[in-house]
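Report on the following structure.
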Amino acid sequence: MIDPRLLRDDPDQVRTALRRRGESPAVVDALVAADAARRASIAAFEALRAEQKQIGKQVARAQGDEKAELLARTKALSAQVKEADAAQGAAVAEYDGLLRALPNLVAPEAPEGGENDFVVLDTVGTPRDFAAEGFEPRDHLELGELLGAIDVERGAKVSGSRFYYLTGVGAQLELALVQLAMSTAATWGFIPMIPPALVRPRAMEGTGFLGQAADDVYHLEKDDLYLVGTSEVPLAAYHSDEILDAASLPLRYAAFSPCYRREAGSHGKDTRGIFRVHWFDKVEMFTYTTLEESWAEHQRLLGWEREWLDLLELPYRVIDVATGDLGSSAVRKFDCEAWVPTQGRYREVSSTSNCTEYQARRLDTRVRTAGTDGTTPAATLNGTLCAMTRTIVALLENGQQADGSVRVPTALQPFVGEVLEPIR
RNA sequence: GGAGAUGUCGCAUAGUGGCCUAGUGCGCCCGCCUGCUAAGCGGGUUGAGGUUCAAACCUCUCGAGGGUUCAAAUCCCUCCAUCUCCGCCA
């Protein structure tokens, strides 16, 4: 959630952010009113409660008639306190509910608009000219089947549409990517992590995924647990209810986990192959830092994502995602999009978001600086290092040769060899 | 899944309904003292919220949430976590 003081001190800034996201700023008025009601009810309760405590002390000392009289007074007061307490609880819950439903602010630099209003920041590498090379490129599924790497038919048989098996070199390719990504991240100073992929509601809610994205989340009713759509969730919740020492920041984690997405509302989109699936594995980067440092850290995360794509020798571009397409937690987001030859366009393979204090406030992760009083909320950022399925799509399609074999980038050759050969 | 025990301030502990405004020790911070260090002496040491120009005051916080009571760390219920034993199991 955002800083509640901002609602009192500068509500227009909140209205502007909502407008830039393409949402109605009307909730701000409701929030300001709810805040006033909350404070009034707290003051009313506290006054009554203070009186009750005061009399309670006298009761303990009093004797006989005096005691009986005090008891009569305080008995009536007790009912009032109970009532005021309930009213306060309701007012706080009302305010808190509205505040949590509010998305984060928006970075002033983020381009305004919807999904198509992104700004291209950079383009790296040159897509191959298959016409000049004299052959028609195969798509990743065709290549995957030739190589014995991807089996979507049996995925669908066993688990349904948008499921797959990685087989043979496909399985080896994923393991190679995981190993390379985790060890590379470790050299950059990230702490390797393997987090739980099943979390409690608190973690899911705290990261902001039960708002606009709720339909995309798998929920296990019987146990009230959620399957995470990204390890951002268990990583953001990792330090919940903790106060971090400022000297320990930035804290960087690289986590390998499965990701589960219902893909509600994307029926008919990317139905072929493993580009858009209900489950995939991913290595995710995550940083805890301060608000002041978050902007520079966001650039660093983007830098590491780019370094990774360079390592995989993929042509890609970087876009600055428009305000209307940001998640509710992010104030700014950069996507890296790899070239997909058979689609003739760049498609998202990684994404990095600056969530500023939004998640940390919800999950109660604070920072204490030695020599200063009090605490401040931490800032959190996340970035994809390697989403397995989409990376495999890009590697196969961009590395393919006329005979259906696939040339492997140098960095992966120690794991799977120089060329993946068709098995038939 | 079954049976039982436990959960108090950074750590360790005291606290079985009102003098708990949660004590004590250790650790930590500030100061004093002493060639240095240690020891000793004095003070401070959870976090959040509200009123307020401020100073200050008030409220909440004893794993979490409810309940009983004029009054709850203390009694009751639910949940969570940890530990012990049994069962099952990769």
Side-chain angles (χ1 to χ4, degrees), chain A residues 1-9 31-100 194-206 219-226 233-234 237-248 257-258 288 290 357-378:
Chain A
M1 60 188 120
I2 63 163
D3 185 350
R5 273 174 311 188
L6 203 58
L7 280 165
R8 268 183 254 172
D9 300 344
L31 259 162
V32 170
D35 186 30
R38 175 186 70 101
R39 280 147 61 202
S41 71
I42 287 174
F45 162 74
E46 286 185 355
L48 285 169
R49 177 68 177 151
E51 189 184 349
Q52 183 189 36
K53 285 177 72 169
Q54 206 54 43
I55 297 176
K57 276 178 197 165
Q58 295 172 35
V59 170
R61 286 194 299 264
Q63 294 293 328
D65 285 352
E66 193 192 354
K67 184 157 189 164
E69 194 184 315
L70 283 169
L71 278 178
R73 262 178 74 196
T74 195
K75 195 152 195 167
L77 193 57
S78 173
Q80 290 176 44
V81 168
K82 193 165 270 187
E83 211 171 289
D85 192 13
Q88 173 211 231
V92 169
E94 163 80 12
Y95 171 74
D96 197 55
L98 286 172
L99 187 62
R100 280 180 177 269
I194 299 182
L198 224 43
V199 300
R200 289 193 174 157
R202 167 102 196 278
M204 204 45 102
E205 199 280 329
H219 179 225
L220 301 184
E221 190 98 29
K222 206 168 176 181
D223 301 286
D224 197 17
L225 289 170
Y226 292 89
V233 176
Y238 186 64
H239 287 300
S240 55
D241 299 325
E242 292 182 25
I243 299 175
L244 306 173
D245 181 357
S248 71
S257 85
Y288 289 88
T290 59
E357 301 175 339
Y358 189 83
Q359 294 175 331
R361 281 184 190 278
R362 296 168 150 249
L363 290 163
D364 194 22
T365 304
R366 290 165 288 167
V367 177
R368 192 195 329 265
T369 307
T372 65
D373 284 340
T375 63
T376 53

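Remember, predicted model here, so these are calculated numbers, not experimental data. Residue numbers begin at 1 in each chain, while the letters A, B, ... track the order of the sequences.
Residues A/Ile2 and A/Tyr358 come closest through the heavy atom pair N-CD1, 4.1 Å. Listed here is the closest heavy atom pair of A/Leu7 and A/Val32: O-CG2, 3.8 Å. When all heavy atoms of A/Tyr226 and A/Arg200 are compared, the closest pair comes out as CD1-C, 4.2 Å.
Within 4.0 Å (heavy atoms only), A/Arg5 reaches no atom of the nucleic acid at all. Counting non-hydrogen atoms under 4.0 angstrom, A/Arg202 reaches nothing in the nucleic acid.
Other residues, nucleotides and ligands contribute at most 12 non-hydrogen atoms within 6.0 Å of the CD1 atom of A/Ile194. Residue-environment remark: CD (A/Glu242) exceeds the threshold of 12 foreign heavy atoms within 6.0 Å.
Look at A/Lys82 and you won't find any side-chain N or O under 4.0 angstrom from OP1 or OP2 of B/A71. A sub-4.0 Å separation between OP1 or OP2 of B/C70 and a side-chain N or O of A/Gln52 is absent. Residue A/Thr74 places no side-chain N or O under 4.0 Å from the OP1 or OP2 atom of B/A71. Within the 4.0 Å cut-off from OP1 or OP2 of B/G47, not a single side-chain nitrogen or oxygen of A/Arg366 is found. Contact annotation: A/Arg38 does not reach the phosphate of B/G49 (side-chain N/O to OP1 or OP2, under 4.0 Å). Under 4.0 angstrom from either OP1 or OP2 of B/C60 there lies at least one side-chain N or O belonging to A/Lys53.
Checking B/U16 for Watson-Crick or G-U wobble geometry (two distances, each under 3.5 Å) identifies no partner in any strand. Using N1 to N3 plus N6-O4 or O6-N4 for Watson-Crick, or N1-O2 and O6-N3 for G-U wobble, each under 3.5 Å, B/C57 pairs with B/G50. Pairing partner, B/U74: none, since no Watson-Crick or wobble contact has both distances short of 3.5 Å. Remark: B/A22 base-pairs with no nucleotide in the shown strands. Criterion, Watson-Crick or G-U wobble with two distances under 3.5 Å. Using Watson-Crick or G-U wobble geometry with both donor-acceptor distances under 3.5 Å, B/C28 finds its partner in B/G44. Under the Watson-Crick or G-U wobble criterion, with both distances below 3.5 Å, B/C79 is paired with B/G63. Remark: B/U84 base-pairs with B/A3; criterion is Watson-Crick or G-U wobble with both hydrogen-bond distances under 3.5 Å.
Put simply, CG on A/Asp241 is 19 Å from P on B/U46, counting in whole angstrom units. Nucleotide B/C29 holds its P atom 13 Å from the CG atom of A/Asp245, rounded to whole Å. If you take CD1 of A/Ile243 and C1' of B/C28, they are 16 Å apart, rounded to a whole angstrom. The nearest whole Å value for the distance from the CZ atom in A/Phe45 to the P atom in B/A48 is 20 Å. A/Asp364 has its CG atom 13 Å from the P atom of B/A64, to the nearest Å. Atom-to-atom, CG of A/Asp223 to P of B/G1 comes out at 9 Å; the value is rounded to the nearest Å. In this structure, A/Arg200 places its CZ atom 17 Å from P of B/G63, rounding to the nearest Å. In this structure, the CG atom of A/Asp35 is 12 Å from the C1' atom of B/G49, given to the nearest Å.
Remark: the separation of the P atoms in B/G1 and B/U59 is 44 Å, to the nearest Å. Separating the P atom of B/C30 from that of B/U68 is a span of 49 Å, rounded to the nearest Å. Comparing the C1' positions of B/A90 and B/U74 gives an interatomic distance of 44 Å, to the nearest angstrom. For the P atoms, the distance linking B/C62 with B/U21 amounts to 14 Å, nearest Å. Taking the C1' atoms as reference points, B/G15 lies 31 Å from B/C85, given to the whole Å. Nucleotides B/G63 and B/U46 place their C1' atoms 15 Å apart, quoted to the nearest Å. Taking the P atoms as reference points, B/C33 lies 15 Å from B/G42, given to the whole Å. For the C1' atom pair drawn from B/U61 and B/C9, the interatomic distance equals 11 Å after rounding to whole Å.
Contact of the A/Thr290 side chain with the A/Thr376 side chain is not registered, since no non-hydrogen atoms from C-beta on lie closer than 4.5 Å.
Of the two residues contacting RNA chain B, namely A/Glu51 and A/Ala43, the nearest-nucleotide position lying further toward the 5' end is that of A/Ala43. Between A/Arg49 and A/Arg368, the residue anchored closer to the 5' end of RNA chain B is A/Arg368, taking for each the nucleotide with the nearest heavy atom.
For A/Ser78, taking side-chain heavy atoms from C-beta onward, the closest of the listed nucleotides B/G50, B/C70, B/A48 is B/C70. Of the candidates B/G49, B/A48, B/U59, B/A48 carries the atom nearest the A/Thr375 side chain, counting heavy atoms from C-beta on.
With salt bridges taken as basic N to acidic carboxylate O contacts below 4.0 Å, none links A/Lys82 and A/Asp85.
Without hydrogens or angle criteria, A/Arg202 side chain to A/Leu363 main chain gives a donor-acceptor distance under 3.5 Å.
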